[in-house]
Amino acid sequence: MPTTPKGSLTVTLDGTNRTTTLPLLGGTIGPEVADIRRLYSDLGVFTYDIGYGGTAATESRITYIDGDEGILLYRGYPIEQLAENSNFLEVSYLLLYGELPNAAQMAEFTHGVTNHTMLHEQIRRFFEGFRRDAHPMAVMCGVVGALSAFYHENLDTSDPRQREIAAFRLIAKVPTIAAWAYKYRVGQPLMYPRNDLGYAENFLYMLNAVPTEPWKSNPVLSKAMDLIMILHADHEQNASTSTVRLIGSTGANPYAAVAGGIAALWGPAHGGANEAVLKMLAEIGTPENIPDFIAQVKDKGSHTKLMGFGHRVYKNFDPRAKIMKETCHAVLAELGIKNDPTLAMAMEMERIALEDDYFVSRKLYPNVDFYSGIILKAMGIPTEMFTVLFAVARTVGWVSQWKEMIEDPAQRIGRPRQIYTGEAPRDYAPLDTRG
Ligand code: ACO
């Protein structure tokens with residue numbers, strides 16, 4: 001559904017008679033948006049919005065978030081329904097194509113993805129070029145970006161079929177790259193993908209299996225991993241998705257764009273938060289230290305954040321966190337973890353923060369990463385792999401958003417403006433005249 005006109009907004013430059021009328025646009029749901037594209041030509045004025053908190057940079061039909069109501073929809077379907085009834089590959093199809101697949105479409109899509117799970121053998125050699133202690137996100141950025149060096153014949157982004165093949169390749173290969181980044185780090189043999197396993201199950205297999213032992217799938221853990229992937233699959237125009245769109249808007253190939261998305265996701269304010277939660281809990285050490293830590297968080301001078309709390313958009317609750325919290329308990333029960341000290345600390349932290357006026361008044365609630373970090377730790381996934389796993393799940397979102405952008409006739413290169421606060425024009429002074 002295209003945007004619909006919803007009236008207009010008249011802007012007058014104070015102290016002048018210069019006025020412009022800006023169209024107000026509405027989407028299917030959500031707030032109206034002032035189309036400010038004429039503001040500069042009509043009034044010579046830019047808008048200023050650090051962090052883009054009040055700026056819509058694109059139309060999109062993929063994901064909808066209502067931060068006040070705690071609503072997250074993929075293509076109109078509530079995340080709660082998808083989490084309960086769907087699976088990651090079906091959600092991937094939905095995000096990419098806009099509708100849930102029928103049985104034939106699902107079979108074809110599954111075949112399309114599994115057909116591309118292997119990596120070129122030359123890529124295998126890349127891993128040896130990294131230090132063993134390299135962070136796996138560094139390896140992900142490098143290897144995913146390098147995929148473009150292997151598929152020269154499919155880099156024409158104006159060709160829909162080539163775009164589709166690139167989408168399949170990315171969704172299929174990121175779990176293999178991620179698992180190999182981990183295996184290389186711990187010095188174990190790289191495990192080749194198994195196309196008879198489900199997407200999340202195969203990822204767990206490549207992470208955990210070794211050639212010398214039979215590997216047994218645990219359906220509860222595979223389901224939990226699949227759920228984590230569904231919940232992380234897309235999230236509207238967040239920092240990493242906007243990075244992918246910005247890179248893609250230049251005509252760069254999708255492998256380069258997704259490598260940029262991975263880099264953006266790495267930061268602790270974004271996807272790196274799940275790893276940061278565990279680091280924070282380790283640093284706090286024991287529950288007696290929690291009050292001191294909370295006091296430090298509240299002290300503005302300390303610049304300490306309670307990791308896993310707060311969200312740019314969700315100012316009430318994060319619906320993904322709600323689902324994740326339930327799964328957290330299911331996973332811990334399955335694994336027989338009753339008195340895990342890290343978990344006990346996390347729960348105590350959650351309790352204190354939810355009662356403390358600092359957090360309540362700022363509408364800071366646990367976000368998805370608070371619980372996903374705890375689940376992943378319980379599943380035995382090493383901390384440094386948390387953000388990598390997020391990147392694996394988010395790849396389908398990045399690819400869907402990139403594809404939507406390329407197919408949008410209104411698409412143009414992303415190019416924000418600025419308020420220049422540097423020096424006014426001045427003359428060059430020769431070196432010997434400078435004091
Ligand atoms: N701990 C302590 N104080 C916080 C936190 C936090 N985690 N988050 C926000 N605040 C405070 C801010 O200092 C600010 O206080 P002030 O009004 O007194 O200045 C107020 O709450 C508003 O916060 P903003 O900085 O305006 O929130 P913003 O939307 O810019 O930031 C963000 C959102 C980056 C997620 C932030 O909450 C944060 O850094 N959280 C911790 C990291 C984290 O968990 N990130 C994961 C996000 S979810 C995801 O990427 C999947």
Side-chain angles (χ1 to χ4, degrees), residues 62 88-97 101 105-127 136-137 139-181 190-200 202-203 205-206 229 232-234 240-241 243-245 247-248 251-263 265 388-407:
I62 301 176
F88 180 71
L89 268 193
E90 189 179 68
V91 166
S92 298
Y93 183 100
L94 175 69
L95 289 170
L96 269 174
Y97 300 110
Q105 288 165 330
M106 189 61 214
E108 194 185 336
F109 182 68
T110 305
H111 175 73
V113 172
T114 49
N115 206 25
H116 287 101
T117 50
M118 282 200 298
L119 298 176
H120 194 293
E121 277 298 298
Q122 289 296 115
I123 294 180
R124 202 188 149 96
R125 297 195 183 179
F126 284 9
F127 290 84
M137 281 299 274
V139 179
M140 289 291 283
C141 290
V143 178
V144 171
L147 289 178
S148 48
F150 285 79
Y151 303 111
H152 306 284
E153 73 290 2
N154 286 122
L155 294 184
D156 179 1
T157 58
S158 66
D159 177 347
R161 180 63 191 144
Q162 294 193 32
R163 288 201 294 273
E164 185 159 54
I165 292 174
F168 279 137
R169 285 199 170 118
L170 277 159
I171 296 164
K173 291 182 197 306
V174 282
T176 315
I177 297 170
W180 285 14
L190 310 184
M191 300 300 287
Y192 284 82
R194 270 183 53 189
N195 292 350
D196 61 319
L197 302 177
Y199 190 89
N202 172 54
F203 182 49
Y205 163 78
M206 289 189 291
M229 287 180 169
H232 286 86
D234 194 50
S240 57
T241 301
T243 303
V244 170
R245 279 187 177 256
I247 296 174
N253 70 73
Y255 306 105
V258 169
I262 293 170
L265 187 75
V388 175
L389 199 149
F390 191 163
V392 169
R394 183 54 60 84
T395 295
V396 67
W398 291 328
V399 169
S400 305
Q401 300 266 355
W402 167 80
K403 185 169 161 288
E404 181 181 65
M405 181 197 63
I406 300 281
E407 290 166 5

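Residue numbers run from 1 in the order of the sequence given. What you see below is based on every heavy atom in this structure, not just the backbone, and it leaves out hydrogens, waters and symmetry mates.
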Can you check whether Leu155's main-chain N or O pairs, donor with acceptor, with Tyr255's side chain at less than 3.5 Å? no
Salt bridge (Lys or Arg N to Asp or Glu O under 4.0 Å) contacts in which one or both residues fall within residues 110-125, not counting sequence neighbours: none
Taking the side chain as every heavy atom from C-beta outward, state whether Met118 and Thr176 have any pair of such atoms under 4.5 Å apart. no
Using the ring-ring contact (aromatic ring centres under 6.0 Å, His included) criterion, which residues pair with Phe150? Sequence neighbours excluded. His120, Phe126
Intermediate values then yes/no, side chain to side chain contact (heavy atoms under 4.5 Å, CB included), Thr241 and Arg394: CA-CA 9 Å; Thr241 301; Arg394 183 54 60 84; 4.3 Å; yes
All pairs passing salt bridge (Lys or Arg N to Asp or Glu O under 4.0 Å) where residues 395-404 contributes a residue, at least two apart: Arg245-Glu404, Lys403-Glu407
For Ser240, which residues count as a side-chain hydrogen bond (donor to acceptor under 3.5 Å, both in side chains) partner, sequence neighbours excluded? Asn238, His270, Trp398
Counterpart residues, side-chain hydrogen bond (donor to acceptor under 3.5 Å, both in side chains), relative to Thr117 (two or more places apart): Asn195
Is the shortest distance from a Lys or Arg side-chain nitrogen in Asp196 or Arg194 to a carboxylate oxygen in the other one below 4.0 Å? yes
Tyr93 meets the ring-ring contact (aromatic ring centres under 6.0 Å, His included) criterion, sequence neighbours left out, with Tyr97, Phe109
Quick one: list whatever passes side-chain hydrogen bond (donor to acceptor under 3.5 Å, both in side chains) with Asn202, sequence neighbours left out. none
Sequence-distant partners of Ala233, side chain to side chain contact (heavy atoms under 4.5 Å, CB included), two or more places apart: Tyr74, Phe88, Val91, Leu95, Val396
With Glu108 via side chain to side chain contact (heavy atoms under 4.5 Å, CB included) - residues at least two apart: none
Measuring only between side-chain heavy atoms, which start at C-beta, is Val244 closer than 4.5 Å to Gln401? no
Whether the side chain of Gln162 engages the backbone of Thr157 through a donor-acceptor N/O pair (distance < 3.5 Å, no angle test) should be reported. no
What residues, two or more places apart in sequence or in another chain, satisfy side-chain hydrogen bond (donor to acceptor under 3.5 Å, both in side chains) together with Asp156? Ser158
Do Phe168 and Leu96 make a side-chain contact, defined as non-hydrogen atoms from C-beta onward lying under 4.5 Å apart? no
Can you name the ring-ring contact (aromatic ring centres under 6.0 Å, His included) partners of Trp180, sequence neighbours left out? Phe127, Tyr192
Would you indicate whether the side-chain heavy atoms of Leu147 and Ile123 approach each other to under 4.5 Å? yes
